[in-house]
Engineer: 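This is the structure I have questions about; it appears just below.
Both backbone and side-chain heavy atoms feed into the values below; hydrogens, waters and symmetry mates do not. Naming: A, B, ... by sequence-line order, numbering from 1 per chain.
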Number of protein chains: 2
Amino acid sequence: MKRTTIKDIARQLGVAPSTVSRALKDHPDIGLALRTEIKKLAEELHYRPNQLAVHLRQRSSKLIGLIVPEITMFFYPSVIKGIQEIIQEHGYNLIMLSSHESPEKEMENIRICADNEVAGILISLSRQSEMYENLEYLRELGIPLVLFDKVSIDLPFDSIMLEDEEAARQATTFLIESGCRNPGAIFGNPNMLITQERVRGMRKAMEENELPFKKEYMYFADNVVEAEACAKLLMAQNPPPDGVFAMTDEVLMGSLSVIAGSNTNIPANCSVICISDGVLPYCMTPTVSFLHHNGLELGQLAANRMFELLESGEFINDEYSGVKKTVQAKLIQLSSTRQLVF
Amino acid sequence: MKRTTIKDIARQLGVAPSTVSRALKDHPDIGLALRTEIKKLAEELHYRPNQLAVHLRQRSSKLIGLIVPEITMFFYPSVIKGIQEIIQEHGYNLIMLSSHESPEKEMENIRICADNEVAGILISLSRQSEMYENLEYLRELGIPLVLFDKVSIDLPFDSIMLEDEEAARQATTFLIESGCRNPGAIFGNPNMLITQERVRGMRKAMEENELPFKKEYMYFADNVVEAEACAKLLMAQNPPPDGVFAMTDEVLMGSLSVIAGSNTNIPANCSVICISDGVLPYCMTPTVSFLHHNGLELGQLAANRMFELLESGEFINDEYSGVKKTVQAKLIQLSSTRQLVF
DNA sequence: GGGTATTGCGCAAACGTTTGTTGTTAATAA
DNA sequence: TTATTAACAACAAACGTTTGCGCAATACCC
């Protein structure tokens with residue numbers, strides 16, 4: 001069965017399609033009597049505007065493109081939830097693409113979004129590749145862009161990121177304050193800005209406390225499995241670390257059982273802390289304190305910034321170089337009572 | 001800067017738009033010389049077809065609607081990943097909507113998909129509500145539908161689901177075979193079909209082994225926090241259960257620490273098993289064996305079924321009542337060595 | 001050389017909207 | 001009465017494609 005269109009309504013009532021269109025929008029040009037009659041019929045026929053046509057005509061859709069490197073159970077679900085929340089409020093919808101950590105796929109995804117005339121794009125970059133010209137393409141098309149999470153700090157676009165350096169500094173400080181003098185760390189992919197920031201944060205905390213930052217106690221793992229391997233190497237150091245900073249949930253997941261297993265008593269002999277979205281630390285044993293970086297909030301902020309851009313139109317300007325916002329991480333110190341932070 | 005359109009190319013070359021359109025599609029009607037010239041210019045100008053226009057003209061988009069109750073870190077990420085994989089292969093994209101467990105929102109989401117002329121819809125129903133007429137709406141519009149995970153068995157549509165009853169039966173059997181005579185269980189929302197199936201599966205296993213199915217040892221929890229509370233009640237039973245079946249990852253997460261904490265030795269005094277997507281059981285301590293229900297596979301199956309439908313067009317038929325497929329769960333018995341199943 | 005294919009391309013309509021302009025009628029003002 | 005203005009609605013173009021049809025011009029056949 002065909003959807004009923006404006007033309008159908010117009011034909012049945014013997015009026016012009018333009019009249020129907022205006023009537024449905026309460027345009028004062030259409031007399032009240034006719035207007036209500038049209039609305040009534042539209043209702044009866046379950047008329048719904050064809051968005052494709054609307055958007056084609058208006059040269060922009062109510063779609064927001066979301067491009068992520070990969071959909072994992074870590075972090076992204078809550079970010080996406082935050083984004084969804086906001087854009088649904090605005091009557092927009094999400095078209096979601098994943099790049100599989102490939103810059104080519106990422107560029108293609110950007111193009112796909114553009115081809116569908118999305119109103120804006122939210123993107124979490126896959127790696128520290130030179131995306132600048134790709135993103136510049138969007139500026140030329142007048143499509144606003146908000147980077148989130150995995151961003152490149154020097155790109156002249158809006159971006160919402162975590163205070164990575166500061167979170168890592170706080171995490172390390174927490175270890176030091178709980179007595180560690182020789183903490184180790186397992187970071188993520190060393191090419192990612194987020195990793196570099198967190199390394200810097202740890203180094204900073206060490207320096208502030210006049211402790212040496214030893215490279216032998218720093219490992220870099222690209223995934224859960226590597227994290228497990230790194231943890232083994234780390235714990236085998238002599239002397240073993242008296243604390244471990246796990247950079248992400250993934251790292252924590254791979255490493256905690258190794259740390260706990262290597263005749264170490266947590267937190268008596270070895271404190272553990274991580275930066276987390278706030279779920280995993282509760283369900284692992286032992287529970288670990290963490291710096292909660294709120295994915296939901298980050299998603300909301302990114303989406304809200306998107307709508308600010310859409311309303312103000314500031315991004316149209318060639319000179320516009322974006323606004324950077326950061327989300328603070330909050331230290332959550334786990335006692336024995338479980339308090340879930342969903 | 002405006003996107004270059006077919007018209008732009010046509011104008012620059014002094015030919016008709018239709019000629020350009022055909023040339024770009026290698027239509028034999030257009031002479032080889034002109035054809036290559038057009039292609040060359042299109043390339044230079046970075047021409048990309050406006051999908052909105054293409055779809056409007058062709059009365060169907062290359063979008064697949066995905067409607068889920070809520071985006072959580074449990075299960076859905078892997079399902080979505082599986083879906084993405086398949087539809088990207090087919091050159092389709094995903095428009096994702098969440099219903100917040102509200103039937104009204106769900107209906108609205110279906111409408112939104114229809115308004116955007118999606119090629120098909122993949123949906124995981126929010127609750128056991130009478131969605132039949134809502135879904136019937138899609139049939140009328142000729143939009144194929146594939147239900148997944150949370151399905152209503154009696155709906156005349158394609159659906160991909162887990163073998164819930166069988167998985168629960170196997171899980172329970174595993175408990176019994178490892179010595180349990182008085183297992184308890186924590187299930188999910190009792191209104192969901194998936195819960196009912198799993199209850200049935202457990203009951204079946206108990207009957208097969210001539211053990212009593214005691215209601216006092218069965219609890220129903222809607223979320224992680226409730227699961228924790230249920231676990232406390234369960235463990236307080238006299239005598240305490242000698243095994244626990246956790247119906248989902250969420251339940252496991254809420255309950256394991258309680259079970260482990262209540263002066264019980266896992267698995268010596270109390271075995272634990274759950275049905276899981278295959279991540280959480282590894283990262284919890286103690287690690288628990290589980291029936292792996294593969295979200296990735298389920299997503300892939302659902303998406304593949306969608307394309308079968310799109311190609312065959314069988315769903316057009318008013319009488320078409322859908323095909324039910326199930327995904328088997330596999331028992332993963334965790335030894336002390338961690339083997340991650342990503 | 002008359003007829004018939006064949007090749008190569010343009011015309012125009014269509015998808016379902018929106019919106020600027022024009023036109024008709026009736027009401028008001030001069 | 002005539003001019004002015006409002007009120008209402010139709011017309012038509014446009015968004016960027018695709019596609020059935022028609023029409024030349026060239027090629028082929030006997």
Side-chain angles (χ1 to χ4, degrees), chain A residues 1-39 41-42 45-63 111-112 114-119 141-142, chain B residues 1-39 41-42 45-63 111-112 114-119 141-142:
Chain A
M1 205 181 62
K2 216 168 80 30
R3 283 169 72 93
T4 84
T5 72
I6 274 192
K7 288 186 186 176
D8 296 330
I9 300 177
R11 208 174 311 120
Q12 284 200 34
L13 258 46
V15 300
S18 54
T19 303
V20 176
S21 175
R22 283 191 246 256
L24 293 175
K25 306 197 141 38
D26 273 324
H27 193 294
D29 265 14
I30 310 301
L32 200 60
L34 181 54
R35 218 191 295 174
T36 51
E37 192 186 358
I38 288 176
K39 283 186 179 176
L41 184 57
L45 299 180
H46 302 113
Y47 168 73
R48 293 209 122 211
N50 179 323
Q51 294 303 320
L52 252 38
V54 173
H55 295 151
L56 175 60
R57 173 63 222 236
Q58 301 189 330
R59 315 198 41 63
S60 163
S61 74
K62 290 232 175 210
L63 290 175
R111 291 232 169 80
I112 289 173
D115 294 346
N116 285 279
E117 305 239 37
V118 296
L141 293 180
Chain B
M1 205 181 61
K2 216 169 79 35
R3 284 169 72 92
T4 85
T5 71
I6 274 193
K7 287 186 187 176
D8 297 330
I9 300 177
R11 209 175 311 121
Q12 286 199 34
L13 257 46
V15 299
S18 55
T19 304
V20 176
S21 174
R22 284 190 248 254
L24 292 176
K25 304 197 142 40
D26 273 322
H27 194 292
D29 264 13
I30 310 302
L32 199 59
L34 182 54
R35 219 192 293 174
T36 51
E37 192 185 359
I38 288 176
K39 283 187 178 176
L41 184 58
L45 298 179
H46 302 111
Y47 169 74
R48 295 207 120 212
N50 180 324
Q51 296 302 320
L52 252 38
V54 173
H55 296 150
L56 174 61
R57 173 63 222 239
Q58 301 189 330
R59 314 196 41 62
S60 163
S61 74
K62 290 232 175 207
L63 290 174
R111 291 232 169 82
I112 289 173
D115 294 347
N116 285 279
E117 305 239 38
V118 296
L141 294 179

Engineer: So for B/Arg22 and D/dG20, does any side-chain atom that can act as donor or acceptor lie under 3.5 Å from a complementary atom in the base?
Structural biologist: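 Under the 3.5 Å cut-off, the side chain and the base do form a donor-acceptor pair.
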
Engineer: Which pair of heavy atoms, one from B/Tyr47 and one from B/Ile6, lies closest together, and at what distance?
Structural biologist: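 Closest approach of B/Tyr47 to B/Ile6: OH-CG1, 3.2 Å.
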
Engineer: Can you check the A/His55 NE2 to C/dT19 P distance for me, whole Å?
Structural biologist: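 Computing the A/His55:NE2 to C/dT19:P distance gives 12 Å.
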
Engineer: Scan B/Leu56 against the nucleic acid and name what it touches under 4.0 Å (heavy atoms): base, sugar-phosphate only, or nothing.
Structural biologist: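 Contact class for B/Leu56: base.
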
Engineer: Of B/Ile30 and A/Asn50, whose nearest nucleotide on DNA chain C comes first from the 5' end?
Structural biologist: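 Checking each residue's closest nucleotide, the 5'-ward one belongs to B/Ile30.
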
Engineer: State whether A/Lys2 places a side-chain N or O below 4.0 Å from either non-bridging phosphate oxygen (OP1 or OP2) of C/dC15.
Structural biologist: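 For A/Lys2, the contact criterion (side-chain N or O under 4.0 Å from OP1 or OP2 of C/dC15) is not met.
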
Engineer: Side chain of B/Thr19 only, heavy atoms from C-beta on: which candidate in C/dC9, C/dG16, D/dG16 is closest?
Structural biologist: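 Nearest to the side chain of B/Thr19 among the choices is C/dC9.
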
Engineer: On DNA chain C, compare the nucleotides closest to A/Pro17 and A/Asp29; which residue's is nearer the 5' end?
Structural biologist: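 Of the two residues, A/Pro17 wins.
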
Engineer: Give A/Ser18 one of three labels, base, sugar-phosphate or nothing, depending on what nucleic acid heavy atoms sit under 4.0 Å from its own.
Structural biologist: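 Base: the residue A/Ser18, judged by heavy atoms under 4.0 Å, touches a nucleobase.
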
Engineer: Atom CD1 of B/Ile38 to atom C1' of C/dG8: distance rounded to whole Å?
Structural biologist: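 Going from B/Ile38 (CD1) to C/dG8 (C1'), I get 11 Å.
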
Engineer: Students often get this wrong, so: under 4.0 angstrom with heavy atoms, is B/Leu52 touching a base, only sugar-phosphate, or nothing?
Structural biologist: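 The answer is nothing, as B/Leu52 stays clear of every strand by at least 4.0 Å.
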
Engineer: Taking B/Val20 as the fixed residue, which of B/Leu34, B/Ile30, B/Val15, B/Leu41 is the one that meets the side-chain contact (heavy atoms from CB on, under 4.5 Å) rule?
Structural biologist: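 Of the listed residues B/Leu34, B/Ile30, B/Val15, B/Leu41, the side-chain contact (heavy atoms from CB on, under 4.5 Å) partner of B/Val20 is B/Val15.
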
Engineer: Rounded to whole Å, how long is the line connecting atom CD of B/Glu37 with atom C1' of C/dC9?
Structural biologist: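 In whole Å, C/dC9 C1' and B/Glu37 CD are 14 Å from each other.
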
Engineer: Determine: side-chain N/O of A/Arg48 to OP1/OP2 of C/dG16, distance under 4.0 Å, yes or no.
Structural biologist: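 Looking at the OP1 and OP2 atoms of C/dG16, neither is under 4.0 Å from any side-chain N or O of A/Arg48.
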
Engineer: Any side-chain N or O of B/Arg59 below 4.0 angstrom from OP1/OP2 of C/dG16?
Structural biologist: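 So the side chain of B/Arg59 is within the cut-off, an N or O lying under 4.0 Å from OP1 or OP2 of C/dG16.
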
Engineer: Measure distances between side-chain N and O atoms of B/Arg35 and base N and O atoms of C/dG8, and say whether any donor-acceptor pair falls under 3.5 Å.
Structural biologist: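 Between C/dG8 and B/Arg35, which were checked side chain against base, a qualifying N/O pair under 3.5 Å is absent.
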
Engineer: Taking CD1 from A/Ile6 and C1' from D/dA10, how many angstroms apart are they, rounded to a whole number?
Structural biologist: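 Roughly 15 Å, once rounded to whole Å.
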
Engineer: Let me know, please, whether B/Ser21 or A/Gly31 comes out on the 5' side of the other along DNA chain D by nearest nucleotide.
Structural biologist: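 Its nearest nucleotide lies further toward 5', so the answer is A/Gly31.
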
Engineer: Without decimals, in angstroms, what is the distance between B/Gln58 CD and D/dT19 C1'?
Structural biologist: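 So the two atoms are 10 Å apart, to the nearest Å.
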
Engineer: Kindly indicate whether the side chain of B/Asp26, heavy atoms from C-beta on, has any atom under 4.5 Å from the side chain of B/Lys39.
Structural biologist: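 Contact flag for B/Asp26/B/Lys39 side chains = yes.
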
Engineer: Tell me the interatomic distance from B/Leu45, atom CG, to D/dG16, atom P, rounded to whole angstroms.
Structural biologist: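 Answer to the nearest Å: 15 Å.
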
Engineer: Considering non-hydrogen atoms only, spot the tightest contact between B/Ile9 and B/Ile38 and give its length.
Structural biologist: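 Nearest heavy atoms, B/Ile9 then B/Ile38: CG2-CG2, 4.4 Å.
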
Engineer: Work out which heavy atom in B/Lys2 is nearest to a heavy atom in A/Arg59; give both atom names and the distance.
Structural biologist: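 Closest pair (atom of B/Lys2, atom of A/Arg59, distance): CG-NH2, 4.3 Å.
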
Engineer: Rounded to the Å, how far apart are B/Asn116 CG and C/dG16 C1'?
Structural biologist: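 Taking atom C1' of C/dG16 as the reference, CG of B/Asn116 is at 13 Å.
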
